[in-house]
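Following: one structure in structure tokens, then a few remarks.
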2 protein chains.
Amino acid sequence: MTQQSPHPTLTPEEIRGELKQAGMRPTAQRLTICQYILNQANHPSVEDIKAWVDAKFPGISLATVYNTVHALETAGLVQAIRFDHSDKVIYDRNTEPHFHFLDEDSGTLHDIQSDQVQINLNLPEDIRVNDISILIRGKRQ
Amino acid sequence: MTQQSPHPTLTPEEIRGELKQAGMRPTAQRLTICQYILNQANHPSVEDIKAWVDAKFPGISLATVYNTVHALETAGLVQAIRFDHSDKVIYDRNTEPHFHFLDEDSGTLHDIQSDQVQINLNLPEDIRVNDISILIRGKRQ
DNA sequence: CGCGTATTTTAGAATGATTCTAAATAGAAT
DNA sequence: ATTCTATTTAGAATCATTCTAAAATACGCG
Ligand SMILES: [Mn+2]
Ligand SMILES: [Mn+2]
Ligand SMILES: [Zn+2]
Ligand SMILES: [Zn+2]
């Protein structure tokens with residue numbers, strides 16, 4: 001299923017804790033960005049993040065958004081992904097290995113947990129697989 | 001297997017024929033580009049194409065390479081694909097649905113025919129799948 | 001062959017996402 | 001308060017790609 005996200009909502013205090021644990025100072029900018037990426041957003045682009053954060057924090061710089069997502073990525077709190085259908089990187093709070101469904105009508109991405117897909121690979125012996133990336137495109141009827 | 005490509009080598013005359021059939025004038029630039037994309041190359045980027053063609057056809061413009069790959073794409077002679085690990089579009093002479101293996105050591109892409117992968121999707125009833133894109137990353141030991 | 005017209009090629013400018021730079025600001029430590 | 005480091009910021013730079021508008025070329029026809 002592309003079902004309800006398994007991501008618990010984090011309180012501001014919990015976010016603060018995650019940042020500190022990652023060695024990042026919990027600045028107002030970062031807390032706001034995390035409130036969006038970790039709690040509200042669904043696979044947002046930097047543009048999405050900037051737009052949302054701008055409402056709560058007018059005038060935040062684009063560079064800060066980039067800096068922050070990079071830091072969050074390094075800290076392992078988000079995953080950066082790029083798909084064929086867009087030239088923008090999207091950030092994924094789901095850092096577990098999983099796949100994606102692109103709803104071609106709405107343009108929205110939805111997680112597909114690994115256990116919802118069974119893959120049987122018939123590859124040469126000498127290949128060691130490190131990672132599998134899957135994007136399913138389709139529509140809901 | 002990521003085995004030998006199922007792409008027959010085309011003679012210059014055959015390439016000429018393909019272009020005409022697609023309503024494209026078989027100019028020297030296009031013939032040279034096709035000689036590379038359709039016969040020699042393995043998932044080349046525009047940069048790759050430009051570099052190879054430049055040797056046979058010094059001074060060809062980058063715009064022409066872009067124009068030509070777009071025309072070939074429209075004609076259905078190649079497929080444009082973008083993967084996560086590079087910010088460049090690559091062109092694929094294999095226009096059948098298929099998947100890809102990225103050799104992380106060499107950075108090279110290899111086709112995986114659809115019949116070498118069995119996928120069982122456990123998705124909601126209301127989802128109609130139009131396309132599945134798979135990239136397998138790994139190494140050869 | 002020689003013209004007329006549509007297609008193609010081309011250089012260079014524009015675009016857009018992202019990265020870089022270097023200076024200003026803020027936080028933490030002493 | 002002073003110092004040191006982390007963060008934020010505006011703006012420039014980068015890079016793949018797209019666009020523009022003019023020059024060159026190909027092709028059909030007389
Ligand atoms: Mn979006
Ligand atoms: Mn390449
Ligand atoms: Zn996801
Ligand atoms: Zn391929």
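Just so it is clear: chains get the letters A, B, ... in the order the sequence lines come, proteins before strands, and each one is counted from 1. In this text the structure is predicted, and so the values were computed from the model without any measurement.
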Measuring to OP1 and OP2 of D:dT25, would you say a side-chain N or O of B:Gln29 lies under 4.0 angstrom away? no

I'd like to know whether A:Asn94 forms a side-chain hydrogen bond (donor to acceptor under 3.5 Å, both in side chains) with A:Gln79, so could you lay out the CA-CA distance, the side-chain angles of the two residues, the decisive distance to 0.1 Å, and finally the verdict. CA-CA 7 Å; A:Asn94 184 353; A:Gln79 213 184 335; over 6 Å; no

Tell me whether B:Val69 is reachable from B:Leu10 by hopping between hydrophobic residues (I, L, V, M, F, W, Y) whose side-chain heavy atoms are closer than 4.5 Å. yes

Within the 4.0 Å limit for protein heavy atoms, which parts of nucleotides 13-30 of chain C are touched? Write it as a string from 5' to 3', B for base, S for sugar-phosphate only, - for none. ----SBB-------SS--

Cut-off 3.5 Å, no hydrogens considered: what does the side-chain donor-acceptor table look like for residues 16-29 of chain A, sequence neighbours left out?
{"from": "A:Arg16", "atom 1": "NE", "to": "A:Glu13", "atom 2": "OE2", "distance (Å)": "3.3"}
{"from": "A:Thr27", "atom 1": "OG1", "to": "A:Arg30", "atom 2": "N", "distance (Å)": "3.2"}

Got a donor-acceptor contact below 3.5 angstrom from the B:Ser45 side chain to the B:Val89 backbone? no

Return no unless some side-chain N or O of A:Arg30 is found under 4.0 Å from OP1 or OP2 of D:dA6. no

Between CG of A:Asp54 and P of D:dT8 the distance, given in whole Å, is 15 Å

Find the distance B:Asp48:CG to D:dA16:P and express it as a whole number of Å. 11 Å

Is there a side-chain polar atom (N or O) of B:Thr64 under 4.0 Å from OP1 or OP2 of C:dT10? yes

How long is the line joining CD1 of B:Ile60 and C1' of C:dT10, in whole Å? 10 Å

Do A:Val129 and A:Leu121 have side chains that approach each other closer than 4.5 Å (heavy atoms only, starting at C-beta)? yes

Quantified as the angle between the terminal helix axes (five pairs each), what is the overall bend of the helix from C:dC1-D:dG30 to C:dT30-D:dA1 to 10 degrees? 20°

Examine A:Leu109 and A:Val78 and state if one hydrophobic cluster contains both, with Ile, Leu, Val, Met, Phe, Trp and Tyr joined whenever side-chain heavy atoms are less than 4.5 Å apart. no

Hydrophobic cluster identity match, A:Ile136 and A:Ile132, side-chain contacts under 4.5 Å: yes

Does the gap between the ring centers of B:Phe83 and B:His100 come in under 6.0 Å? yes

Between NZ of B:Lys50 and P of D:dA16 the distance, given in whole Å, is 13 Å

